[in-house]
Amino acid sequence: MTTRKRNRNLDKNYSPDNIEQKWYAQWLEHGLFNAEINPEAKAFSIVIPPPNVTGSLHVGHAFDHTFQDIMCRTKRMEGYSVLWLPGTDHAGIATQNVVEKALAKQGISRYDLGREEFVKRVWEWKAEYGSRIINQMKRLGNSCDWRRERFTLDDGLSKAVRAVFVRLYKKGLIYRGKYIVNWCPRCATAISDLEVEYEESQGNFYYVKYPLVEKDCGEKYILVATTRPETIIGDVAIAVHPRSEKYKHLIGKHVIVPLANRVIPIIEDNMVDPEFGTGCVKITPAHDPNDFLVGLNHNLEQIQVIDSRGIMNENAGKYKGMTIEQARRESVKDLEELGQLLKTEQITHSVGHCQRCGTTVEPYLSEQWFVKTKPLADRGVQAVKDGRIRWVPEQWEKTYFNWMENIRDWCISRQLWWGHRIPAWECKDCGHITVAEVDPTECEHCHSKNIEQESDVLDTWFSSALWPFSTMGWPEDKPELKYFYPTSLMVTGFDIIFFWVARMIMMGLEFMDDVPFRDVYIHSLIRDEHGKKMSKTKGNVIDPLVMIEQYGADALRMTLAALSVQGRDILLSSTRIETYRFFMNKLWNASRFALMNLDDEVREIDAEQLHLHDKFILTRTQEVAKRTRELIDSYDIGTAARGLYDFVWGDLCDWYLEMSKPALKGDEGEARKATTQGVLEEVFRTTLPLLHPFIPFVTEELWAAFGFNGDYIMRTSWPDAKDEYTFAGVVEEMSVLQDAVRALRNLRAEAHVPPQQKLSRAVIRAVKDSSAAKILGASLNQIENLCRVSEVVLEAPADEWTHGPSLSGMSGEAEVRLPVGDVLDVEKEIARLTQEVANIEKAVASSQARLDKPSFVERAPAEVVEKERGKVAEGQAQIARLKANLESLSR
RNA sequence: GGGCGGAUAGUUCAGCGGUAGAACACCUGCUUUACACGCAGGGGGUCGUAGGUUCGAACCCUGCUUCGCCCACCA
């Protein structure tokens with residue numbers, strides 16, 4: 001005889017306080033999150049998208065992490081050796097900004113401190129605040145292997161960054177050069193194309209006259225339209241389209257630059273759109289990316305007039321020292337006074353802003369480091385085309401291809417202090433650049449000791465791109481890499497597909513010669529209840545930690561899981577979380593009910609003693625176990641979570657628990673009671689593990705209360721569907737009973753019979769010997785129980801019976817007459833079925849006709865043909881079922 | 001300019017070829033011995049629009065209207 005140590009003293013209401021922290025501490029203590037290399041087991045691994053160290057957990061993280069935790073916990077229960085590797089990102093520019101802001105409050109700038117001291121301060125900041133987000137992740141219940149926590153700037157990862165940089169450089173895939181880049185004057189650093197956010201804004205379009213030097217061309221001047229008059233002073237040419245009828249004759253002639261009194265040539269270039277503006281473009285190679293390219297093609301001078309802080313420099317003449325805006329106003333004023341401004345128009349154009357600080361981005365000519373991305377991207381595209389990486393949902397594949405196929409070189413140098421310093425040393429004697437993994441002491445070319453390290457650091461995303469393998473010990477040959485790489489799954493938002501996902505794919509293929517992950521799941525954005533993006537300024541931010549305090553981590557997790565749908569934003573509000581908080585209580589009380597009715601002794605289920613509702617709940621439990629696993633495997637956690645919710649609240653609580661009460665009270669005898677107890681045991685023992693990945697804390701608590709095995713639910717195997725508890729047809733049979741009960745309750749409510757009043761008698765009319773009559777006949781006592789009727793009888797429909805429910809004789813002896821199921825208008829039902837059979841037959845015939853055409857079978861894709869065959873088979877099965885029904889009706 | 005997604009009950013969304021669903025909100029009635037964080041019942045939708053395919057369309061195709069997102073260009 002098996003016994004369990006039950007805890008029957010659960011509080012009346014579920015309270016997540018204490019429970020969540022208690023179990024998390026125990027899981028950690030027993031190393032349940034630890035990933036072990038186990039050759040006997042299959043590996044499942046996820047590296048967490050590392051949040052910024054300075055950050056705080058927001059609801060987007062909470063969703064991302066809940067998803068990953070559900071996957072990891074499920075896979076663990078399925079017997080995989082699971083690694084969920086956590087960590088944080090040093091987030092170069094973001095972190096530097098945060099610390100700079102804090103210093104600014106004390107009136108200190110980073111330049112006051114100097115590089116070394118400033119970086120020291122950032123590390124101090126990290127030491128103080130860096131664990132905050134980690135602790136928040138723990139509150140959510142993340143089952144990460146915290147022993148393996150990494151930071152993108154720790155020693156191991158720094159080593160990986162250097163190795164990658166040096167190898168790419170030696171391969172010619174990293175180069176240095178003077179190019180025009182996106183520059184944030186406030187951050188005083190270059191940023192990549194991706195870090196620029198464009199916004200439509202109103203601006204002025206100034207039409208400026210450039211006097212022609214040659215007097216013999218008809219016109220006196222040519223007209224150039226520009227939005228940036230402050231850069232006129234840096235103009236080095238005017239470009240027109242080579243086939244422009246209007247300006248062809250001016251090519252090779254010269255104009256005088258207004259405000260600068262320089263003579264510059266008129267050149268031809270295809271870049272000019274003859275339809276836009278005046279058809280003439282001023283070329284300022286130092287301050288416009290297109291002009292820069294034109295300048296290279298025509299070998300033009302690059303005159304820089306704006307410095308790195310957005311101030312006009314010594315080349316700007318009288319405008320020197322002004323800000324860009326001041327210089328613009330002054331230039332316009334001067335042009336006007338000189339009579340060289342023809343007109344000003346309003347124009348909407350998009351202006352780039354720094355992603356981090358919102359400052360208008362300037363195109364800026366400077367010495368920078370770049371990754372030549374084309375060869376890396378080609379392999380990245382191939383990997384997806386070959387199916388070595390699968391995008392979920394598939395649609396993102398297109399976005400990825402589009403970007404990868406048009407990829408531009410990646411500017412990786414940042415003029416910051418916080419980050420991986422570029423491992424390049426310039427020789428002050430011969431100018432040679434030595435790039436090395438270990439700090440060199442001399443120039444590798446002339447052996448001079450007079451060398452100096454590059455002051456720039458790398459783009460944060462450079463180290464993030466290595467995350468899947470750098471965190472596992474690369475470049476060393478670690479067993480982790482063999483066992484857990486490629487990782488199984490990457491879960492992240494679409495906003496960092498280019499920043500991160502694409503780059504991980506490129507780097508993984510280059511350095512590991514394999515993809516970084518098999519599947520990449522792209523989830524949607526979390527918005528507020530009205531579909532607005534959450535932002536602090538709008539005040540609509542839902543703080544996951546406040547939600548955890550208020551409703552518990554389980555409720556938040558269940559909400560996020562249940563709301564998740566592929567390819568659509570998720571709208572979250574606290575009332576939604578409340579709904580799932582109520583679900584926790586429902587589950588808690590259902591368990592409490594079961595515990596109150598279970599002894600320590602485990603009762604056997606006697607198959608002979610099973611009633612319809614017992615078979616029903618056992619069957620549904622097996623179905624849900626199977627279905628939930630399938631859904632999680634296909635990353636559809638939303639449907640899985642909603643399915644579990646409906647099962648627990650509907651099938652289990654509303655129906656089964658109510659129907660089990662008479663037996664548990666002993667009204668049906670000892671054998672029935674024992675078997676019902678057995679069923680309860682079985683159902684909860686199966687259901688709690690299914691819920692565990694979603695709501696780990698409460699399920700662990702309940703698992704312990706049931707005393708199922710003295711071990712953690714976390715370590716329990718995923719329940720497989722059991723054949724012995726799967727009964728064919730019972731769900732359909734049960735629905736006949738459910739319909740009868742609902743119809744009777746409906747009658748009561750409509751007749752305003754008070755709930756507490758017991759009806760003395762209800763009559764259910766059903767065709768004698770029909771399947772419905774058999775089902776109902778066997779469950780009359782259940783109908784009495786569920787509908788509060790003293791006596792329910794089953795009678796054949798009287799001849800005069802028409803249709804529709806009715807209630808009569810309300811005083812004292814109440815009687816309910818009730819039509820149910822296949823009982824009523826037999827002829828009408830026969831007609832309906834006959835019609836349906838005819839329809840399906842037609843459908844089957846048309847499918848069959850398609851299949852009979854050789855051209856269809858040969859040419860159509862196999863799956864389409866398969867689907868057509870399926871339709872025929874399904875249709876025929878349906879016809880058979882309907883005909884059987886028809887036959888039983890006709891008797 | 002290129003691409004993607006949405007338009008279904010008052011609200012937020014499931015459903016994606018076979019009798020319109022959930023949650024919240026609303027209405028009616030209930031301290032029914034697990035749960036008022038609850039129970040039972042109810043009202044409410046010509047599934048954006050016009051065509052087409054089909055025996056059958058919220059679902060597939062085409063056009064339109066409308067909202068949102070991404071990429072590129074913007075002298």
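So that the names make sense, note that chain A is the first sequence line, chain B the second, and so on, each numbered from 1. The figures here come from the full heavy-atom set of this structure, side chains too, leaving out hydrogens, waters and symmetry mates.
Note on A:Tyr198: a base of the nucleic acid sits closer than 4.0 angstrom, heavy atoms only. Counting any heavy atom pair closer than 4.0 Å across all strands shown, A:Ala225 reaches sugar-phosphate atoms only and no base atom. Here A:Ser591 lies out of heavy-atom contact (under 4.0 Å) with every strand. Note on A:Arg592: only backbone sugar-phosphate atoms sit closer than 4.0 angstrom, heavy atoms only; bases stay farther off. Among the heavy atoms of the strands lying under 4.0 Å from A:Asn746 are primed sugar atoms or P, OP1, OP2 only; no base atom is included. A:Arg408 comes within 4.0 angstrom of the backbone, heavy atoms only, and of no base. No engagement by A:Phe583 is indicated, since no non-hydrogen atom pair under 4.0 Å with the nucleic acid exists. Residue contacts for A:Arg228: at a heavy-atom cut-off of 4.0 Å it reaches no nucleic acid atom on any strand shown. Contacts of A:Thr399 with the nucleic acid, taken as non-hydrogen atoms under 4.0 Å apart, are absent.
Rounded to whole Å, the P atom of B:G17 lies 14 Å from the corresponding atom of B:A57. Distance noted for atom C1' between B:C24 and B:G43: 16 Å (whole Å). Nucleotides B:C60 and B:A23 are separated by 26 Å at their P atoms, to the nearest Å. B:C47 and B:G15 have their C1' atoms separated by 11 Å, with the value rounded to a whole Å. Comparing the P positions of B:C13 and B:G52 gives an interatomic distance of 32 Å, to the nearest angstrom. Atom C1' of B:A22 sits at a distance of 33 Å from the matching atom of B:G63, rounded to the whole Å. Between the C1' atoms of B:U53 and B:C59, the separation comes to 13 Å (whole Å). For the P atoms, the distance from B:C64 to B:C73 is 27 Å, rounded to whole Å.
Comparing B:A34, B:A75, B:A23 by their nearest atom to the side chain of A:Asp288 picks out B:A75. Closest to the A:Arg745 side chain, of the nucleotides B:A34, B:G41, B:A75, is B:G41. Looking at the side chain of A:Lys665, the nearest of the listed nucleotides B:U33, B:C4, B:A34 is B:U33. Proximity note for A:Asn585 (side chain, C-beta onward) versus B:C35, B:U12, B:A23: the nearest is B:C35. For A:Arg788, counting side-chain heavy atoms from C-beta on, the closest listed nucleotide (B:A75, B:U32, B:U12) is B:U32. Here B:C39 is the nucleotide among B:C39, B:A34, B:A75 with the atom lying nearest to any side-chain atom of A:Asp654. Taking every side-chain heavy atom of A:Lys12 into account, B:A36 is the closest of B:A34, B:A36, B:C73. With B:A34, B:G38, B:A75 as the candidates, the nucleotide lying closest to the side chain of A:Leu657 is B:A34. Set against B:C70, B:A34, B:U12, the side chain of A:Met596 has B:A34 as its closest nucleotide. Of all nucleotides listed (B:G38, B:C4, B:G41), B:G38 comes nearest to the side chain of A:Lys586.
Using Watson-Crick or G-U wobble geometry with both donor-acceptor distances under 3.5 Å, B:G43 finds no partner in any strand shown. Checking B:U12 for Watson-Crick or G-U wobble geometry (two distances, each under 3.5 Å) identifies B:A22 as its partner. Pairing partner, B:A7: B:U65, with both Watson-Crick or wobble hydrogen-bond distances short of 3.5 Å.
Across A:Glu701, A:Met584, A:Arg581, a single residue satisfies side-chain contact (heavy atoms from CB on, under 4.5 Å) together with A:Asp554, and that is A:Met584. Among the candidates A:Phe694, A:Tyr580, A:Phe582, the single residue satisfying the ring-ring contact (aromatic ring centres under 6.0 Å, His included) test with A:Tyr645 is A:Tyr580. Of the residues listed (A:Glu345, A:Gln340, A:Lys343), the one engaging A:Tyr207 in a side chain to side chain donor-acceptor pair (under 3.5 Å) is A:Glu345, and it is the only one.
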Requested in this report: Show the numbers, then the answer: is there a side chain to side chain donor-acceptor pair (under 3.5 Å) between A:Ser192 and A:Glu195?
Outcome: CA-CA 5 Å; A:Ser192 72; A:Glu195 286 161 291; 3.0 Å; yes
Query - A:Arg745 and A:Leu786: CA distance, side-chain angles, deciding distance, side-chain contact (heavy atoms from CB on, under 4.5 Å) verdict - result: CA-CA 9 Å; A:Arg745 283 171 172 170; A:Leu786 293 168; 4.0 Å; yes
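If A:Val196 and A:Asn13 are placed on RNA chain B by their nearest nucleotide, the residue sitting closer to the 5' end is A:Asn13.
Protein atom CG of A:Leu223 is 16 Å distant from nucleotide atom P of B:A75, rounded to whole Å. Across the protein-nucleic acid pair, A:Leu194 atom CG and B:A72 atom C1' stand 13 Å apart, rounded to whole Å. Rounded to an integer number of Å, the gap from A:Asn785 CG to B:U33 C1' is 13 Å. Between the CD1 atom of A:Ile347 and the P atom of B:A75 there is a distance of 7 Å, rounded to whole Å. For the pair A:Asn406 CG and B:A72 P, the computed distance is 9 Å after rounding to whole Å. Straight-line distance from the CG atom of A:Leu598 to the C1' atom of B:A34: 12 Å, rounded to whole Å. With rounding to whole Å, A:Leu631 atom CG is found 14 Å from B:G15 atom C1'. In this structure, the CG atom of A:Asn182 is 10 Å from the P atom of B:A72, given to the nearest Å.
Within the 3.5 Å criterion, the main-chain N or O of A:Asp599 finds a donor-acceptor partner in the side chain of A:Arg6.
At the phosphate of B:C39, neither OP1 nor OP2 sits under 4.0 Å from any side-chain N or O atom of A:Lys661. Contact check, A:Lys398 against B:C4: a side-chain N or O comes under 4.0 Å of OP1 or OP2.
Against RNA chain B, the stretch residues 640-651 of chain A makes heavy-atom approaches under 4.0 Å through A:Arg642, A:Trp649.
The shortest non-hydrogen separation linking A:Pro662 to A:Asn785 is CG-ND2, 3.4 Å. Closest non-hydrogen pair, A:Gln677 versus A:Asn597, comes out as NE2-O, 2.8 Å. Nearest heavy atoms, A:Gly295 versus A:Pro285: CA-CG, 4.3 Å. Residues A:Lys282 and A:Thr284 come closest through the heavy atom pair NZ-OG1, 2.8 Å.
For A:Glu658 against B:A34, a side-chain-to-base donor-acceptor contact under 3.5 Å is present.
In the model, A:Glu784 has no side-chain atom that pairs as donor or acceptor with a side-chain atom of A:Asn781 under 3.5 Å.
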